[in-house]
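Read the structure below first, then the notes.
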Amino acid sequence: MNETKKRLDVIGKPRRRVDGRAKVTGQLRFADDLALPRMLHAKLLRSPHPHAIVESVDAEKARRHPGVKLVLTGQDFPVPFGIMPVSVDEYPLARERVRYVGDPVAAVIASDEQSAVEALALIEVRYKALRPVCGPQDGLEHPEPRIHDYGEQGNIHRNQAYEFGDVDEALRNADFVAEDLFFYEGNTHLPMEQQASLAFLDQDGKLQISSSTQNPHYLHRQLSRVLQVPESRIRVVATPNGGGFGGKCDPGGHEFVVSKAALVLGRPVKIGLTREEVFYVHRGRHPVLMKMKTGVTKEGKLTGMHLQTLLDGGGYGSHGPASTFYTGVLTPVTYHYPRFKFEACRVFTNKPACGPKRGHGTPQPRFGQEVQLDKIAERLGMDPLELRLKNLTKAGDLTASWLRVGSTGLEDCLRKVAEISDWKGKRGKLPQGRGVGLACSTYMSGAGVAIYWNKMPHSGVQVLLDRSGTVVVYCGATEIGQGSDDVLAAIVAETLGVDTGSVRVVTGDTGITPVDLGSYSSRVTIMAGNAAVQAAERLRASLAAAVCETLGTLPDRVVFSQGKVFAADNTGAGMSFVEAVTMAEAQLGTLSAVGSYSPPKPPGRYKGAGVGPSPAYSFSACVVEAEVDERTGWIHVPKIWMAHDIGRALNPVLARGQVIGGVYMGLSEALMEEQSFRRLPEKLSGALVHRAPSMLDYKSLTALDMPEVEVALIEDPDPNCPYGAKEVGQGPLLPVMPALANAIFDAVGVRIDEIPITPDKVLRALEAKAEGKAPRVGPDSYPSVPYPEPTFVLPPWEGGDGNESRKGGEKRAAAAVV
Amino acid sequence: MLRLPWFEYRSPRSVAEAVKILAGEGPQAMLVAGGTDLLPNMKRRHQSPKVLVSLRAVDELRKLNGSYGAGLTLAEVVAHPGTPGALRHAAAQVATAQIRNMGTLGGNLCLDTRCTYYNQTEEWRKAIDYCLKKDGSVCWVATASKRCVAVSSTDTAPALIALDAKVTLVGPGGEREIPVESLYNNDGIDYLSRKPDEVLSAIVIPSSWKSVYWKLRRRGSFDFPLLGVAAALKMDGDVVADARIALGAVASRPFRIEKAGEFLKGKRLTDEVIAEAATLVANRAKPMDNTDMDLYWRKEVADDFAGYALKELRGDDMGAIRLRTARYLPG
Amino acid sequence: MAAIPERVHLTMQVNGEAAPVSFAPYKTLLEVLREDLGLTGTKHGCELGECGACTVLVDGQPVLSCLALALECGGRAIETIEGVQRGPELHPLQAAFADCGGSQCGYCTPGVIMTAKALLARNPAPTRDEIREATAGNLCRCTGYQQITEAIESAATLLRAERT
């Protein structure tokens with residue numbers, strides 16, 4: 001960073017986002033807004049069976065239907081895909097097997113959508129139904145029939161265990177051990193925009209697809225693989241996403257179908273999914289059952305945790321291998337656990353595949369952890385705030401599991417949220433039926449390791465300048481509503497000392513932008529941002545070198561600010577930015593620079609240490625106030641306070657919007673969102689269907705249900721981040737659910753140990769309380785899961801070196817990360 | 001994009017003309033007014049009428065003089081200063097503002113019964129081999145049931161039953177006027193006593209009742225009722241002279257609870273009297289597992305909602321509870 | 001029974017101009033706006049009346065274009081997001097949404113702005129509760145609604161200032 005310039009002109013100032021105008025005028029073109037001459041329309045035929053063998057597909061009648069141009073089936077797609085190299089288990093159209101109701105089986109491409117729909121009904125598919133696996137317990141109890149012929153065993157997809165120090169010993173040495181069971185129901189992203197894609201052959205005969213994808217780069221690779229077309233002959237344009245939240249990270253069957261159809265027919269082919277289909281594409285929050293044992297001393301110090309999780313994976317791998325890790329790995333980042341053990345098992349079931357949703361895998365254990373801490377504080381007679389403050393990790397700490405904490409503002413967050421919510425004045429002091437609850441969380445600013453193993457940068461940015469003074473920023477990052485275009489524009493504008501109006505951002509286009517891995521894991525601000533800083537600084541250095549003589553100063557004394565270029569020690573003299581560019585272009589030729597970013601190597605060296613590390617973690621602390629009607633169990637949330645350690649807010653309007661939006665989604669999950677399924681009576685039916693694949697029946701909060709949110713941004717710039725900015729897109733969602741559960745306890749003294757928290761559960765717990773039973777609703781048993789022998793790693797403070805070692809014995813050989 | 005099936009569109013200018021078209025086309029024709037109930041159903045292929053008879057151009061259905069034209073939008077009903085409490089509360093809480101600008105009072109009265117096994121797309125219903133209400137042979141809510149138990153989800157009907165309102169039906173043989181309660185059968189399929197060639201043209205509401213409507217729903221908008229309690233009273237000083245209480249969304253029809261009305265007559269609205277009346281009301285609520293939220297819980301809170309309605313009629317300030325539950329405050 | 005015509009022709013008033021259009025008779029106003037008139041600013045999230053994304057104004061009233069038969073829109077005044085702008089300038093509502101964070105992904109934005117426009121036409125000084133009530137038929141998954149409410153409040157202030 002330029003030492004001579006401390007004041008910031010763009011960063012940190014509230015500002016209209018660069019894509020704001022397009023969004024409010026209706027000019028922004030989402031994928032389904034695109035149309036081309038001679039465009040055809042595709043529709044997918046989906047399986048009505050949760051689990052069946054596809055015996056035959058007869059599409060002859062459909063092919064003869066008026067308007068139909070092409071029918072594709074599983075036979076047209078011999079190559080499978082999968083976002084993770086260890087789970088390539090999905091075909092664009094099912095070949096021999098369907099694995100959930102909604103699994104695509106065939107596609108019709110016709111002159112109009114109506115004709116395509118009519119033709120779908122003419123396709124005859126013969127299925128042989130198999131026993132459906134309805135949930136993870138069912139899958140453990142019924143290893144046969146297997147949903148996939150790969151995986152750990154039976155219907156277990158992933159099964160893993162890690163132990164950092166002897167946890168049994170840590171629990172034995174505690175004054176008491178809190179043991180709790182929690183359940184977190186699955187839910188889905190419900191982006192307002194239904195996925196859509198338009199594929200066509202460009203003037204050179206190359207395939208182009210415009211699609212609502214969060215990850216054009218991964219889609220690009222998968223298209224090449226499945227279609228057997230070189231990547232250089234495919235261009236993926238990520239259209240602005242009408243909301244992503246993780247739901248548009250995986251490649252979707254529909255994207256391969258329109259691409260294939262465009263290749264076969266040579267005409268543009270579009271598909272727009274219906275809302276119901278979006279529920280089937282899913283890849284949302286895994287339902288997770290959890291068992292959590294935590295050792296505590298009388299003084300309230302945590303001695304260790306043993307966490308077990310069981311995930312309902314759905315019918316395909318998706319991001320599941322990562323999700324499975326995430327139900328454990330970030331748990332020890334907020335508080336210091338001297339020892340930590342986690343075991344996680346993901347089971348295949350005959351439902352739409354689960355995957356990454358905002359917070360990916362971590363909201364579930366965070367819910368359990370933060371509710372359990374509340375119970376521990378109660379048992380110790382301690383303010384839950386004090387208990388948390390007593391156990392916080394510190395900046396620069398390593399966790400028992402070898403994650404580097406980096407900067408942390410969690411203590412500031414806690415103190416701030418307690419202050420603005422009047423925590424001390426409210427906790428335990430509000431009238432009966434009203435209460436407050438507190439919870440904390442953390443999230444990664446980008447995953448430390450790419451989804452596929454490679455040594456290349458995670459993000460690349462090219463900045464192009466010309467004599468017009470226009471700055472063009474090229475980056476593969478995808479604008480999904482979170483403001484990534486604005487982040488890039490702000491960073492480049494700040495670095496070059498211009499305003500964002502002079503910056504044009506071109507993103508998410510594999511045909512013209514440098515590779516960025518995509519909009520997931522809150523990685524764009526830090527990774528694309530750091531790459532943008534590097535590119536812009538290189539350009540600035542070129543400009544400075546070109547103009548310093550004229551300015552009579554040294555290159556590193558040239559200041560770029562507010563469209564001016566001048567010498568630090570002679571601010572009166574100087575030139576406009578355009579003049580500087582002109583001078584530099586004359587001296588150096590066409591001006592351009594690239595920047596790239598790779599995250600630092602994580603400290604852990606054991607196999608599996610690649611999931612969880614991040615260059616920087618954000619932290620959040622949340623207080624929820626709740627009112628509970630003791631006669632009906634009805635829950636009303638009047639207000640929520642959120643303090644978020646963001647490092648620095650690049651654009652405070654957007655940062656605040658991300659926080660409030662995260663709180664909204666968290667509260668909506670906490671109170672009502674459920675991706676749940678119905679198994680019809682076994683004697684009469686084999687059906688296993690989504691209960692509510694519609695926006696009416698899948699409940700999400702409306703404007704009238706959403707309380708006021710008071711936001712405090714804690715800003716202490718992180719040295720690993722561009723202008724110090726950490727993530728804000730996911731973190732603030734995470735503490736809302738446990739804070740609500742804790743508020744309900746403060747209000748009426750009952751524990752709801754599962755999400756969502758609904759009035760009927762509260763009323764049931766209140767009735768139990770009145771009858772003198774345990775005032776709790778939640779899971780009451782944990783099944784026997786055949787977890788493997790844990791990978792044992794000594795914590796840093798017990799002499800470990802980050803490699804696997806034998807419990808109490810010598811080390812084993814180091815292994816690569818996943 | 002979900003699209004409508006093909007249909008032939010007819011746009012009569014009068015009720016008589018509409019009746020004539022219905023009579024001529026038979027069951028392949030269906031009436032449409034606001035379209036907010038029928039069009040989603042057509043998109044999901046619950047109904048695929050060959051002929052759609054639109055009532056939009058029938059001006060006589062939009063009159064508001066003494067009686068309420070069935071073609072008035074719900075927003076117009078809410079805005080009308082003379083609309084009695086229960087009807088205003090009910091109409092104001094239907095779905096969303098946009099839908100209230102489109103949907104009509106007549107349409108809400110004729111709302112198709114609903115069920116989580118029925119209000120799904122054609123593809124979804126195929127996955128359960130359909131159900132009794134449409135194309136199937138089993139009621140998945142109650143597999144032993146010979147009768148479809150889809151739930152009546154109209155908000156305005158219980159309000160109008162409590163208000164002792166009548167509807168006018170016009171058919172080929174002329175007009176008939178029946179109490180709103182008689183418009184309904186307790187059958188999820190054959191839920192209306194309106195004949196296929198009749199047009200529901202108007203609603204007549206006596207003005208002498210003081211009335212309220214309380215709606216249980218998950219969210220502050222969009223949602224159909226999980227329970228609707230309508231209560232209407234005539235008071236003689238602080239003594240109840242007459243009382244009518246009706247429930248919606250707990251059976252295939254909205255219905256009146258005569259017992260509760262009789263019980264209240266001649267009594268003062270003390271807490272005890274309200275509690276006992278509320279129990280009488282709640283005893284008749286038999287929700288099924290075919291809509292949102294836990295059915296046992298819906299049953300359990302029925303007396304609370306009946307109590308809210310009666311307390312509000314007593315003059316208690318129930319605004320805070322209204323705002324916390326249905327997020328609606330009568331203006 | 002009369003044969004169903006393959007296409008119908010009629011003229012709507014769209015954003016103040018006569019818009020003659022020909023379309024398949026099963027199409028809703030949403031489909032005709034987007035597919036036959038090229039006005040893709042109006043979005044769709046469910047096509048069943050369950051989200052509000054397709055809200056447009058018909059004769060000044062916010063309605064769901066996904067549930068309006070296009071063939072009933074002949075002669076009616078339709079206003080879509082494309083008609084809101086004032087020449088090259090943004091309408092105060094549009095400016096406020098862009099400036100106050102009222103639009104994140106932008107997908108629900110056209111529908112909410114149309115709803116808000118009708119609200120401010122009938123109530124130039126709505127309270128926050130009235131704004132929430134009016135916009136409760138428009139789902140948004142990004143903002144948590146707060147900055148939408150703030151944007152509408154801010155636009156109302158601007159519009160009132162314009163009038164005086």
Side-chain angles (χ1 to χ4, degrees), chain A residues 14-17 19-30 32-35 112 114 189-194 240-245 272 274-275 479-483 651 653-654 656-665 667-668 694-697 700-706 708-709, chain C residues 24 26 31 34-35 38-53 80-82 84-85 90-91 93-113 128-129 131-149:
Chain A
R15 190 173 38 73
R16 178 183 295 181
R17 57 191 294 164
D19 51 353
R21 186 183 171 96
K23 286 175 200 274
V24 299
T25 55
Q27 281 175 297
L28 192 71
R29 305 279 268 176
F30 295 93
D32 196 42
D33 300 338
L34 305 175
D112 61 290
Q114 190 85 310
H189 320 83
L190 201 77
M192 290 303 297
E193 178 210 23
Q194 302 135 303
N241 287 200
F245 317 113
T274 64
R275 178 53 60 183
E479 176 57 63
I480 63 170
Q482 85 281 44
N651 183 342
V653 181
L654 271 63
R656 182 167 168 265
Q658 286 297 308
V659 174
I660 300 170
V663 170
Y664 151 81
M665 197 166 272
L667 185 66
S668 198
S694 71
M695 291 193 107
L696 176 65
D697 294 319
S700 65
L701 299 178
T702 73
L704 282 167
D705 307 301
M706 182 62 197
E708 188 196 339
V709 182
Chain C
Y26 59 77
E31 292 157 70
R34 287 178 54 81
E35 297 165 2
L39 296 171
T40 55
T42 301
K43 306 304 177 196
H44 58 104
C46 69
E47 300 101 72
L48 291 166
E50 302 173 350
C51 77
T80 70
I81 189 69
E82 288 89 349
V84 175
Q85 214 173 305
L90 295 183
H91 182 279
L93 262 169
Q94 293 174 310
F97 269 72
D99 290 334
C100 303
S103 178
Q104 283 187 25
C105 82
Y107 200 81
C108 75
T109 306
V112 190
I113 288 180
R128 289 198 161 202
D129 282 341
I131 294 172
R132 281 191 276 262
E133 163 72 35
T135 56
N138 295 80
L139 288 181
C140 169
R141 290 291 282 172
C142 296
T143 63
Y145 305 104
Q146 195 158 315
Q147 288 177 318
I148 288 178
T149 303

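Here is how names work: the chains are called A, B, and so on, in the same order as the sequence lines, proteins then strands, and each is numbered from 1. Bear in mind that the values here come from a model prediction, so they are computed numbers and not experimental data.
Within the 3.5 Å criterion, the main-chain N or O of Ser694(A) finds no donor-acceptor partner in the side chain of Glu50(C). Side-chain atoms of Tyr664(A) do not come within 3.5 Å of backbone N or O of Gln146(C) as any donor-acceptor pair. No donor-acceptor distance shorter than 3.5 angstrom exists from the side chain of Lys23(A) to the backbone of Ala98(C), with no hydrogens or angles considered. Without hydrogens or angle criteria, Gln147(C) side chain to Gly661(A) main chain gives no donor-acceptor distance under 3.5 Å.
Note on Arg21(A), Glu708(A), Met706(A), His189(A): by heavy-atom pairs under 4.5 Å with chain C, the leading option is Arg21(A). Of all the listed residues (Cys100(C), Cys46(C), Gly49(C)), the one sharing the greatest number of non-hydrogen pairs under 4.5 Å with chain A is Cys46(C). Ranked by heavy-atom pairs shorter than 4.5 Å toward chain C, the options Gly20(A), Gly26(A), Ala22(A) are led by Gly26(A). The choice from Gly137(C), Cys51(C), Ala134(C) that makes the most heavy-atom pairs within less than 4.5 Å of chain A is Cys51(C). Interface summary for chain A: among Pro110(C), Gly45(C), Gly106(C), Gly101(C), the most heavy-atom pairs under 4.5 angstrom belong to Gly45(C). For chain C, the option among Leu701(A), Leu654(A), Asn651(A) with the highest count of heavy-atom pairs below 4.5 Å is Leu701(A). Chain C forms the most heavy-atom pairs under 4.5 Å with one residue out of Gly662(A), Ala35(A), Ser700(A), and that residue is Ser700(A).
For chain C, the nearby parts of Gln658(A) are the backbone and the side chain; heavy atoms of each come within less than 4.5 Å. When heavy atoms are compared at a cutoff of 4.5 Å, Thr143(C) approaches chain A solely by way of its backbone atoms N, CA, C and O. For Tyr107(C), the parts lying near chain A are the backbone and the side chain together; criterion is any non-hydrogen pair under 4.5 Å. The contact between Val709(A) and chain C is made by backbone and side chain atoms together, counting heavy-atom distances below 4.5 Å. Interface remark: Arg29(A) contributes side-chain atoms only to the contact with chain C (heavy atom separation under 4.5 Å). Looking at His44(C), the atoms closer than 4.5 Å to chain A (heavy atoms on both sides) sit in the backbone and in the side chain alike. Interface remark: Leu139(C) contributes backbone and side-chain atoms alike to the contact with chain A (heavy atom separation under 4.5 Å). If you measure heavy-atom distances from Ile480(A) to chain C, the contacts under 4.5 Å come from the backbone alone. Proximity to chain C (any heavy atom under 4.5 Å) is restricted, for Met665(A), to the side chain, taken from C-beta onward. For Ala95(C), the parts sitting under 4.5 Å from any heavy atom of chain A are the backbone and the side chain alike.
Atoms CD and CD, from Glu82(C) and Gln27(A) in turn, are 9.0 Å apart once rounded to the nearest 0.5 Å. Put simply, CZ on Arg16(A) and OG on Ser103(C) are 11.0 Å apart, with the number rounded to the nearest 0.5 Å. Note that the CG atom of Leu704(A) and the OH atom of Tyr145(C) stand 9.5 Å from one another [nearest 0.5 Å]. Atom CD1 of Ile81(C) and atom CG of Leu28(A) lie 12.0 Å apart (nearest 0.5 Å).
Contact record, Cys105(C) with Gly242(A): SG-C, 3.3 Å, taken as the closest heavy-atom pair. The shortest non-hydrogen separation linking Thr135(C) to Ala703(A) is OG1-CB, 3.8 Å. The nearest pair of heavy atoms linking Asp112(A) to Tyr26(C) is OD2-OH, 4.0 Å.
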Self-check item: Worked check of side chain to side chain contact (heavy atoms under 4.5 Å, CB included) between Ser668(A) and Arg141(C)
Solution: CA-CA 10 Å; Ser668(A) 198; Arg141(C) 290 291 282 172; 4.0 Å; yes

Practice problem: Any chance you could lay out the side chain to side chain contact (heavy atoms under 4.5 Å, CB included) test for Arg34(C) and Asp33(A), step after step, and finish with the verdict? | Solution: CA-CA 8 Å; Arg34(C) 287 178 54 81; Asp33(A) 300 338; 2.8 Å; yes

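For the side-chain contact (heavy atoms from CB on, under 4.5 Å) with Val24(A), the qualifying choice from Val84(C), Leu90(C), Asp99(C) is Leu90(C), the only one to do so.
Using modelled atom types, one finds a donor on one side chain and an acceptor on the other under 3.5 Å when comparing Glu47(C) with Gln194(A).
For Arg15(A), the salt bridge (charged side-chain N to carboxylate O under 4.0 Å, His left out) partners are Asp486(A), not counting sequence neighbours. Applying the side chain to side chain donor-acceptor pair (under 3.5 Å) test to Arg17(A) and every residue at least two apart in sequence or in another chain returns Asp19(A), Glu479(A).
At a threshold of 4.0 Å, the pair Asp32(A)-Lys43(C) does not count as salt-bridged, since none of the basic side-chain nitrogens sits closer than that to a carboxylate oxygen.
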